[in-house]
Amino acid sequence: IGANVRVAPGTSIRADAGTPFHVGEGSNVHDGVIIHGLEHGRVIGDDQQQYSVWIGKNTSITHLSLIYGPAYVGDDCFIGFRSTIFNARIGQGCIVMMHVLIQDVEIPPGKYVPSGSVITTQQ
């Protein structure tokens, strides 16, 4: 966990089933967020090392979201309330709004994902 990362009460960061994790400097992990890794080292981080979950710098993971590794969330991203990221890669600068499911896909940098979206195929 990098410098100046804020982890709110009620958050669960569980590196018991999959490791390691990375949370970049200046990021926010809000109340009730769960970060949990299923598998060891299937994500390549920005440092070219293997991770179960990589969360970049200055990224906000907001209330009650679930980041379930293998998962990569790039720098300067916003993951909205109650969203789920599983086995996915979210590029730098993406905005993912509320109640979104992103699974088994890669979202290119700078994309906006509207509330309620379900994205489970690359098409």
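All figures in this text were calculated on a predicted structure; none of them were measured in a lab.
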Trainee: Closer than 3.5 angstrom, by distance alone: can the side chain of D47 be matched with the main-chain N or O of Q49 as a donor-acceptor pair?
Mentor: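 Yes; judged by distance alone, with no hydrogens or angles, the pair exists.
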Trainee: S65 side chain to G80 main-chain N or O, any donor-acceptor pair under 3.5 Å?
Mentor: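 Yes: the side chain of S65 pairs with the backbone of G80.
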Trainee: Please check if the side chain of T62 supplies one atom and the backbone of I79 the other of a donor-acceptor pair under 3.5 Å.
Mentor: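 Yes: the side chain of T62 pairs with the backbone of I79.
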Trainee: Quick one: does S52's side chain have a donor or acceptor within less than 3.5 Å of a partner on P20's backbone?
Mentor: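 The answer is no, because no donor-acceptor pair under 3.5 Å joins these two groups.
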Trainee: Say whether, by atom type as modelled, one donor and one acceptor occur between the side chain of Q122 and the main chain of E106 under 3.5 angstrom.
Mentor: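 It does hold such a pair.
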Trainee: So with a 6.0 Å cut-off around CE of M98, is the heavy-atom count from everything else above 12?
Mentor: no
Trainee: Examine distances only and state if a side-chain atom of R6 and a backbone atom of N4 form a donor-acceptor pair shorter than 3.5 Å.
Mentor: yes
Trainee: Side chains of Y72 and D46: any donor to acceptor distance under 3.5 Å?
Mentor: yes
Trainee: Calculate, to the nearest 0.5 Å, the distance between atoms CD1 and CG belonging to I61 and L66 respectively.
Mentor: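 Rounded to the nearest 0.5 Å, the CD1-CG separation comes to 10.5 Å.
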Trainee: Below 4.5 Å, heavy atoms only, C-beta onward: do D16 and H36 meet side chain to side chain?
Mentor: yes
Trainee: Indicate the ring-plane relationship of H22 and W54, choosing parallel, tilted or perpendicular according to the 30° and 60° boundaries.
Mentor: parallel
Trainee: Is the backbone of F78 close enough, under 3.5 Å, to the side chain of T59 for a donor and an acceptor to pair up by distance?
Mentor: no
